[in-house]
Amino acid sequence: MSFTLATWNINSVRLREPIVCKLLQEEAPDVLCLQECKSPVELIPMEAFAALGYTHMVARGQKGYNGVAILSKLPIKEVGAEDFASLGHARHIAGQLENGVTIHNFYVPAGGDVPDREKNEKFGQKLDYLTEMRDWFKASSPKKSILVGDLNIAPLEEDVWDHKKLLKIVSHTPIEVEHFNDVMAAGDWHDVTRADISEGKLYSWWSYRAKDWDAADKGRRLDHVWATGDIKAAAHSSRVLRDARGWEKPSDHAPVFATFDL
DNA sequence: ATGGTCGTACAACGA
């Protein structure tokens, strides 16, 4: 069995219903993981997605902020939703497909502007969130699992437009990358995207503030697809749909895809 | 060094 999965920070699922439908129609992933839905679950426009064949959904939501959802053509059952760092935020949902594969969908806290937990509570919350992810995966030893989402960290030099300029910018600081790598090691997670596309700059996010995001190309790879060691060899055909950043009323993130033969 | 743009929801706040 083969299935294609995509992850996309949509920055309001209700405002961007048209481009979610565009993606589902044109790219037709079997599973689409969304972050920053900014909507209570009951107000997610499920009927529009169901009409395109995405009749299954697991989700967590809250009014105005955060929110994660997994839309699927394949049956999926919810197998958990954690509140790491006890923030009371809708930042995680886990679902399981009928082939036994578990999908974790995460929206990790952005962490504010100042990379110092003494001066910026949000930065501390981000690090604490990652530490609790690490401990949770260490304790649960995930198998046959995929982890996707907006992790709000670009770990590699080639994941940002200028490594040296971004070393003190939240999302690319050494302490964040260390926490990121600790989560990976604790769960036996492997970076599917970089296994497929090992060379060169690769981004999934471009700020709204740039005059011309495409020409300036000051991007970061904040959105990730990971797999546990037992299924990492099944992954292939990773790509970032950069075009979607230029669609009508775009999200500031582009979708990241991977296919699994299992 | 600063300011630049979005979404939510109607004033800031978060990103």
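Below, chains carry the letters A, B, ... as their sequence lines are ordered, and counting in each starts from 1.
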Does one side chain, of [X] or [Y], offer a donor that lies under 3.5 Å from an acceptor on the other?
X: A:Arg221; Y: A:Ser204; result: no
X: A:Glu36; Y: A:Asn66; result: no
X: A:Thr228; Y: A:Asp188; result: no
X: A:Thr4; Y: A:Thr259; result: yes
X: A:His236; Y: A:Asp261; result: yes
X: A:Ser251; Y: A:Asn11; result: no

Send over the distance from [X] [atom1] to [N] [atom2], rounded to a whole Å.
X: A:Ile153; N: B:dA15; atom1: CD1; atom2: P; value: 14 Å
X: A:Trp205; N: B:dA15; atom1: CH2; atom2: P; value: 12 Å
X: A:Arg220; N: B:dA15; atom1: CZ; atom2: P; value: 14 Å
X: A:His89; N: B:dT8; atom1: NE2; atom2: P; value: 17 Å
X: A:Leu43; N: B:dG7; atom1: CG; atom2: C1'; value: 16 Å
X: A:Leu87; N: B:dA15; atom1: CG; atom2: P; value: 10 Å
X: A:His253; N: B:dG7; atom1: NE2; atom2: C1'; value: 13 Å
X: A:Gln62; N: B:dA15; atom1: CD; atom2: P; value: 10 Å

**Request:** Find which nucleotide of DNA chain B each of A:Ser207 and A:Asn9 is nearest to by heavy atoms, and output the residue with the more 5' nucleotide.
**Result:**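 Looking at DNA chain B, the more 5' nearest nucleotide goes with A:Ser207.
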
**Asked** More 5' along DNA chain B: A:Ser12 or A:Tyr208, using each one's nearest nucleotide?
**Response** A:Tyr208

Say you pick atom [atom1] in [N] and the same atom in [M]; how far apart are they, in whole Å?
N: B:dC10; M: B:dT5; atom1: P; answer: 23 Å
N: B:dG14; M: B:dA9; atom1: C1'; answer: 13 Å
N: B:dG3; M: B:dG7; atom1: P; answer: 22 Å
N: B:dA11; M: B:dC6; atom1: C1'; answer: 16 Å
N: B:dG4; M: B:dA15; atom1: C1'; answer: 13 Å

So which protein N/O to nucleotides 10-14 of chain B N/O distances come out below 3.5 Å?
from: B:dG14; atom 1: OP1; to: A:Lys122; atom 2: NZ; distance (Å): 3.4

**Message:** Base, sugar-phosphate or nothing for A:Arg16? Non-hydrogen atoms, less than 4.0 Å.
**Reply:**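 It contacts sugar-phosphate atoms only.
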
**side-chain contact (heavy atoms from CB on, under 4.5 Å) partners for A:Ser207, two or more places apart** = A:Trp205, A:Arg209

**Request:** Step through it carefully: locate the ring centre of A:His89, locate the ring centre of A:Tyr107, and say whether they are under 6.0 Å apart.
**Result:**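 No, the ring of A:His89 stays outside the 6.0 Å limit from the ring of A:Tyr107, centre to centre.
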
**Asked** Are the aromatic rings of A:His104 and A:Phe137 close, with centres under 6.0 Å apart?
**Response**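 For A:His104 and A:Phe137, the ring centres are under 6.0 Å apart.
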
**Message:** Under 4.0 Å, heavy atom to any atom of DNA chain B: which of residues 154-175 of chain A qualify?
**Reply:**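 Output list: empty, so none.
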
**Prompt:** Is there a donor-acceptor pair under 3.5 Å between the side chain of A:Lys201 and the backbone N or O of A:Val160?
**Reply:** yes

